[in-house]
Amino acid sequence: MKRILVIHGPNLDLLGKREPKIYGKVTLKEINEHLKRIANKHKVCLAIKQSNHEGEIVDLITKARDRFKGLLINPAAYTHTSVAIRDAISATGIVTIEVHLSNIYNREEFRHKSLITPVVSGTILGFGAKSYYLGLEALLELI
Ligand code: DQA
């Protein structure tokens, strides 16, 4: 069975309570449950991690190399700052889709730059929780 790694970056554990006008009311647990339903339908196996720590996310990506066929990642705030996460994705060479709940391009200017986008196969943003579901479907097409 193909295996996919899902990584949720910092503060995404607060979804549902965190700025619902921007990120919606759906919780991370609900998102994960829906992702698992999609995975079951397609007969793939999901491993899901959330971390607030940049180094931990780098380790997860690096160790994914031979274990996972694809990576679905919302790097959250690290999208805009982390050369280390970008380099890990690039070094691992794992097929990756980047997702964001919000449209980072119609928000504050500091969010307009993603360091991650140049090293992923595609990015889906602005659809709330649906960005994850569309991202997983897109990843499944690629692997
Ligand atoms: C986010 C957008 C980022 O700018 C922000 O720091 C997040 C969440 C999103 O999913 O919309 O934490 O990645």
Side-chain angles (χ1 to χ4, degrees), residues 2-42 44-65 67-143:
K2 284 180 185 161
R3 288 167 56 82
I4 290 172
L5 178 61
V6 179
I7 300 179
H8 304 285
N11 300 311
L12 293 171
D13 50 333
L14 302 176
L15 283 181
K17 291 178 275 199
R18 175 191 182 201
E19 300 177 271
K21 283 208 174 92
I22 297 173
Y23 298 115
K25 288 193 180 139
V26 60
T27 64
L28 194 61
K29 189 167 173 267
E30 288 164 340
I31 289 176
N32 289 340
E33 281 165 1
H34 196 86
L35 287 173
K36 282 183 199 153
R37 276 198 291 275
I38 296 172
N40 286 344
K41 200 173 77 191
H42 291 270
V44 296
C45 182
L46 284 194
I48 303 178
K49 306 278 182 193
Q50 189 277 326
S51 175
N52 294 327
H53 305 282
E54 185 176 21
E56 194 180 347
I57 295 173
V58 169
D59 286 344
L60 286 169
I61 296 168
T62 306
K63 286 181 193 144
R65 183 196 284 270
R67 299 181 51 220
F68 294 95
K69 276 259 178 266
L71 171 66
L72 183 70
I73 184 166
N74 182 349
Y78 289 137
T79 306
H80 319 295
T81 62
S82 181
V83 176
I85 291 175
R86 173 201 173 113
D87 284 354
I89 293 170
S90 183
T92 309
I94 189 166
V95 180
T96 301
I97 299 285
E98 171 193 6
V99 297
H100 299 284
L101 298 133
S102 65
N103 178 351
I104 57 176
Y105 299 104
N106 67 13
R107 300 185 59 197
E108 303 93 328
E109 208 173 326
F110 67 87
R111 295 185 203 274
H112 294 181
K113 174 104 185 141
S114 167
L115 299 185
I116 309 302
T117 300
V119 297
V120 298
S121 296
T123 302
I124 296 177
L125 55 92
F127 296 99
K130 216 170 174 191
S131 294
Y132 278 98
Y133 315 146
L134 294 169
L136 180 56
E137 300 271 5
L139 186 57
L140 290 169
E141 299 262 325
L142 293 178
I143 61 170

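One-based numbering, in listed order, for ligands and for the atoms of each.
Residue contacts with ligand 1: Tyr23 is included, with a non-hydrogen atom under 4.0 Å away. Residue contacts with ligand 1: Ile104 is included, with a non-hydrogen atom under 4.0 Å away.
The proximity of Val99 to ligand 1, defined as any non-hydrogen pair under 4.0 Å, does not occur for either the backbone or the side chain. Counting heavy atoms closer than 4.0 Å to ligand 1, residue Arg111 contributes side-chain atoms (C-beta onward) but none from N, CA, C or O.
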### Task
Test salt bridge (charged side-chain N to carboxylate O under 4.0 Å, His left out) on Lys29 and Glu33 and set out the steps.
CA-CA 6 Å; Lys29 189 167 173 267; Glu33 281 165 1; 3.4 Å; yes

### Task
Could you walk me through whether Glu98 and Ser114 pass the side-chain hydrogen bond (donor to acceptor under 3.5 Å, both in side chains) test, one step at a time?
CA-CA 10 Å; Glu98 171 193 6; Ser114 167; 3.0 Å; yes

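Counting only heavy atoms from C-beta outward, the side chains of Ile73 and Ile57 approach each other to under 4.5 Å. You'll find the side chain of Leu101 reaches within 4.5 Å of the side chain of Tyr132, heavy atoms only. Counting heavy atoms from C-beta on, the side chains of Asp13 and Asn52 come closer than 4.5 Å. Leu140 places a side-chain heavy atom less than 4.5 Å from the side chain of Ile4.
Annotation: Phe127, atom CZ; neighbour count of heavy atoms from other residues, nucleotides and ligands within 6.0 Å does not exceed 12.
Atom numbering of ligand 1 starts at 1 in the shown order; those under 4.0 Å from a heavy atom of Arg18 are 7 (C), 12 (O). Of all atoms in ligand 1, listed by their number and element, those nearer than 4.0 Å to a heavy atom of His80 are 3 (C), 4 (O). Within the listing of ligand 1, atoms 2 (C), 9 (C), 11 (O) sit less than 4.0 angstrom from a heavy atom of Ser102.
For ligand 1, the polar-atom distance check finds an N/O of Ala77 within less than 3.5 Å of one of the ligand's N/O atoms.
Protein heavy atom nearest atom 1 (C) of ligand 1, with residue, atom name and distance: His100 ND1, 3.7 Å. Nearest protein neighbour of atom 9 (C) of ligand 1, counting heavy atoms only, is Leu101 N, 3.4 Å.
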